[in-house]
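Notes follow once the structure below has been shown.
Just follow the structure's listing: the first ligand is 1, and inside any ligand the first atom is 1. Starting from 1, each residue takes its place in the sequence as its number.
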Amino acid sequence: MFESLVPENIATLTAYPPGKPLEELERELGITGAIKLASNENPLGPSPLALKAIHTHLASLNRYPDSGAYYLKARLSRHLGIRSEQLILGNGSDEILELIVRTFLQPGEEVLSFAPSFLMYGILTQGAGGIFRPLPLKDFRVDLPALIQALTPCSKIIILNNPNNPTGTAFYRTEWEDFLKALPPGVIVVLDEAYIDFVKSPEVPSGLEYLDEQLPLIGLRTFSKAYGLAGLRVGYGYGPSELLDYLNRMRQPFNVNSLAQVAARSALDDQDFLQRTRQLVWDGLAYLGQELDRLGIAYLPTHANFLLIRIDRDSQEFYQRMLREGVIIRAMSSYNLPEYIRVNAGLPEENSRFLQAFKKVMGFTV
Ligand SMILES: *Cc1c(COP(=O)(O)O)cnc(C)c1O
């Protein structure tokens, strides 16, 4: 009825596929104790220090948040060894990505990225009226030389995800440095490092080392994964202060709520929790990998907190059957990988639960 009111770029958008809430699955199946390994969340919960800070802050909820996030920025700037002006905070790092495309893209300009990668890149670009041009991964890896070749005069922003969701693959320091050398002026590089905290290999570069007031590079990080604060929505970007100043002009003054601000500060102080999280994830991935090897199931080696697993059958149907076992995973059909699933490392008992259900649904008898 209202089609004529809607711009073409909005009418043709596909919404981000929502994950199924645990409570809803349990209600539908009439069960308890279902597990969710679908959204790469922290299985340990939030950091206890962050929870304590939230409790302490509850009585001040009548106040607006600090619009400049002074204390969180100061804490982050100390943590990262950069200036406060080189930081911007968002209601999740997704919001910063949205600010970037809305601030810098003009009609007819394009965003180059890769596919399969995070679905929000295409959605936000199209929503901002830009052209989203994802290149194919090569052997499931980001192909930086191909990206340089693909640049046109319309290319304005490059979005890279390292490690990449949903493959877990990463590009290495030499590839990255060659790419930076070949990069022409006039292109902004966004480096989404949502999974950087899980990286073990020193060969995977941290964008932070390349922060430079002369280089149009914006790094994005989040408290949603390793720091266990996905529900509060807080992430940050780092980059040249001049570029971030433009983003700041577009930003809503109270975009990061006050509980998120105090929780993120305390989460940064809780390095013990971060270390426990990383160890749990690494142990969990090793266990899952070893069991999948035993079953002869193919999966990609990962630098993140999840595995992309090849199941050689329809992933939607597989997902539905896993649901009936009380296990929520991510079917990769919306990522154009119809015969793959993505599963994040959980608690030890969740990992075994997953494997038990996996074997049953795959028809293994062992
Ligand atoms: C989870 C994730 C994020 C984090 O988004 P938030 O908005 O900070 O929760 C960003 N990028 C990728 C690729 C992710 O998988």
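At a heavy-atom distance under 4.0 Å, atoms from both the backbone and the side chain of Ser93 approach ligand 1.
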Exercise. Could you walk me through whether Ser155 and Glu110 pass the side chain to side chain donor-acceptor pair (under 3.5 Å) check?
Worked result: CA-CA 5 Å; Ser155 309; Glu110 63 185 18; 2.7 Å; yes

For this session: Run the numbers on Ser117 and Asn164 for side chain to side chain donor-acceptor pair (under 3.5 Å), then give the verdict.
Result: CA-CA 6 Å; Ser117 188; Asn164 185 56; 2.7 Å; yes

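In this pair, Phe171 and Trp176 present their aromatic rings parallel. The plane angle is below 30°, not in the 30 to 60° band. Note: Phe254 and Tyr64 have parallel aromatic rings, judged against thresholds of 30 and 60 degrees for the angle between ring planes. A tilted orientation is assigned to the rings of Tyr236 and Phe223, their planes being inclined by 30° to 60°.
Scanning Glu98, Arg233, Glu95 for the heavy atom closest to atom 6 (P) of ligand 1 points to Arg233.
For atom 9 (O) of ligand 1, the nearest protein heavy atom (residue, atom name, distance) is Ser224 OG, 2.6 Å. Counting only heavy atoms of the protein, atom 15 (O) of ligand 1 lies nearest to Tyr195 OH, 2.6 Å. In this structure, the protein non-hydrogen atom closest to atom 12 (C) of ligand 1 is Asp192 OD2, 3.4 Å. In terms of protein heavy-atom proximity, atom 14 (C) of ligand 1 is closest to Lys225 NZ, 3.2 Å.
In the vicinity of Asn161, heavy-atom distances shorter than 4.0 Å reach the ligand 1 atoms 13 (C). When each atom of ligand 1 is checked for a heavy atom of Gly92 under 4.0 Å away, the hits are 6 (P), 7 (O), 8 (O).
At least one heavy atom of Ala194 lies less than 4.0 angstrom from ligand 1.
At least one N or O atom of Asp94 sits closer than 3.5 Å to an N or O atom of ligand 1.
What you find for Ile196 and Pro163 is that their closest heavy atoms are N-CD, 4.1 Å.
When each of Leu183, Val111, Leu144 is checked for a side-chain contact (heavy atoms from CB on, under 4.5 Å) with Ile158, only Leu183 meets the rule.
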